[in-house]
Amino acid sequence: MSRVSDAFATFKSRLELTQTEQDDASRRQKDVRATVQAAFQVDHDFLTGSYGRHTKTKPLKDIDIFVCLGSKEEHRRKAHPKAVLDDLEACLVDAYGRDQVERDRRCVTVWFEKRHQTQHEEGKVVSLDVVPAFQSGADYEIPDEDLGKWIKTNPATHNDLTTAKNKTLGGNWVPLVKMLKSWNRANGKPIEPSFLVEVMALDLVDGPFNTFPDEARRFFAAAGASIEDTWADPAKLGPPVSDEMTPAKCIVARQTLKDAEMAATRAYRAEAQGSEAEAVRIWKGVFGDFFPAS
């Protein structure tokens, strides 16, 4: 293997969850689920989002817990989504403290650590997102405070699509998405939400799969050309996944993607000219802390 391929192999390994992280995630999510179950009638709950799809990056932030409320909570479905999020927030503040709980448009987040983590640490779970939901046939409805209504979603559909894509590309799609999400985080999250990176990669990364450096460079180019497009919910249920990408954000994202593509091209040329150490240095500048220095 070349130094560049070795570096990407190490990068891939560093983005995989350790046993410590898996154990910590299990312990903390069980504690949060028990807290919510004590305050609400819960029909069932489960882990979803990128953690459930195995595309979660480090540090372990925003692990999604879907809490499907029971029939005794049905009255909440008729109210403004703000009401259920208010009550969920109050419940979690009582258990974890005001400084450890934050509110989002569709969930309430419990923070455990807010410091920056690097690859040199044995990672812990940083935060968990609690998403209240109701079953709606085979789908679910979740609150969206910004839209002022309950919106449909289906985590199982998202899981099926990512599993199929990963299989089609020989198991390489999930590691690539983790790398792309790591790039997004290292560069100030120009693409929001991070799920949008996955949605774009479902469409923009196609077979045959070449190498991680090549596919990353191709994604940066394709994503830069299409960042202003409307990216629909893969389950074809809820609002566009790209609805947070305002025109101003798109301008920033397009430039950040262009910078990444240009850097990737420089790295490719350096490697082709035999300067593999320089290529690795450039790639580290693209992907950040978790990419090896040599």
Side-chain angles (χ1 to χ4, degrees), residues 24-52 56 59-115 124-156 158 189 192-196 233 235 237-246 249:
D24 197 52
S26 176
R27 177 179 60 83
R28 284 182 161 166
Q29 58 92 6
K30 286 178 181 177
D31 183 64
V32 170
R33 286 159 83 164
T35 299
V36 177
Q37 289 168 6
F40 295 83
Q41 188 212 2
V42 176
D43 184 75
H44 61 280
D45 51 26
F46 56 95
L47 292 180
T48 185
S50 56
Y51 187 86
K56 175 62 73 180
L60 283 177
K61 295 173 63 178
D62 312 328
I63 294 178
D64 292 334
I65 302 173
F66 238 56
V67 178
C68 187
L69 302 176
S71 58
K72 292 182 180 179
E73 306 289 350
E74 189 68 29
H75 63 281
R76 299 180 183 278
R77 204 175 197 166
K78 301 172 184 176
H80 192 285
K82 181 180 184 301
V84 70
L85 292 169
D86 283 343
D87 291 346
L88 179 59
E89 181 179 20
C91 156
L92 293 171
V93 167
D94 285 345
Y96 297 99
R98 176 69 273 173
D99 62 336
Q100 286 186 255
V101 176
E102 290 183 2
R103 176 80 158 267
D104 202 349
R105 63 188 284 189
R106 298 171 185 161
C107 67
V108 179
T109 302
V110 179
W111 283 89
F112 299 101
E113 298 183 52
K114 290 191 175 182
R115 62 190 178 84
K124 296 283 188 178
V125 174
V126 179
S127 66
L128 294 165
D129 286 349
V130 185
V131 184
F134 284 101
Q135 190 94 38
S136 179
D139 303 318
Y140 292 88
E141 290 185 353
I142 61 174
D144 189 312
E145 186 170 356
D146 287 359
L147 295 179
K149 63 181 182 180
W150 292 77
I151 62 172
K152 284 195 172 185
T153 187
N154 193 321
H158 299 159
K189 295 186 178 179
E192 292 185 303
S194 62
F195 180 42
L196 180 55
D233 171 17
L237 293 171
V241 179
S242 56
D243 66 353
E244 294 183 32
M245 293 299 295
T246 63
K249 286 183 177 180

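Atoms considered below: every heavy atom in the structure, side chains included; atoms not considered: hydrogens, waters and symmetry mates. Every value quoted in this text rests on a predicted model; they were computed, and no experiment measured them. Sequence positions, counted from 1, serve as the residue numbers for this chain.
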Close side-chain approach of [X] to [Y], heavy-atom, < 4.5 Å:
X      : Y      : value
Tyr96  : Thr35  : yes
Ile151 : Pro239 : yes
Trp150 : Ser136 : no
Arg33  : Val67  : no
Phe134 : Val84  : no

Gap separating the [atom1] atom of [X] from the [atom2] atom of [Y], nearest 0.5 angstrom:
X      : Y      : atom1 : atom2 : answer
Arg98  : Leu92  : CZ    : CG    : 10.0 Å
Asp43  : Ser71  : CG    : OG    : 8.0 Å
His80  : Asp144 : NE2   : CG    : 9.0 Å
Gln100 : Leu128 : CD    : CG    : 11.0 Å
Asp146 : Asp243 : CG    : CG    : 8.5 Å
Glu244 : Lys189 : CD    : NZ    : 10.5 Å

If I compare all heavy atoms of [X] with all of [Y], which pair ends up nearest, and what's the gap?
X      : Y      : value
Gln135 : Arg77  : O-NH2, 2.8 Å
Ile142 : Ala133 : CG2-CB, 3.8 Å
Thr153 : Asp139 : O-CB, 3.6 Å
Pro81  : Pro143 : CB-CB, 3.4 Å

Would you call the rings of Phe66 and Tyr140 parallel, tilted or perpendicular, where under 30° means parallel and over 60° means perpendicular? perpendicular
salt_bridge(Asp86, Arg103) N-O dist < 4.0 Å: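 Looking at Arg103 together with Asp86, the answer is yes, because their closest N to O distance falls below 4.0 Å.
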Between [X] and [Y], is there a donor-acceptor pair closer than 3.5 Å when you use the side chain of the first and the backbone of the second?
X      : Y      : answer
Asp104 : Arg106 : no
Glu73  : Gln41  : yes
Gln37  : Ala39  : no
Asn154 : Ala138 : yes

Before you tell me yes or no, could you show the steps for Leu85 and Arg105 under side chain to side chain contact (heavy atoms under 4.5 Å, CB included), namely the whole-Å CA-CA distance, both residues' side-chain angles and the distance that decides it to 0.1 Å? CA-CA 9 Å; Leu85 292 169; Arg105 63 188 284 189; over 6 Å; no
Tell me, with the steps shown, if Asp45 and Val36 meet side chain to side chain contact (heavy atoms under 4.5 Å, CB included). CA-CA 10 Å; Asp45 51 26; Val36 177; over 6 Å; no
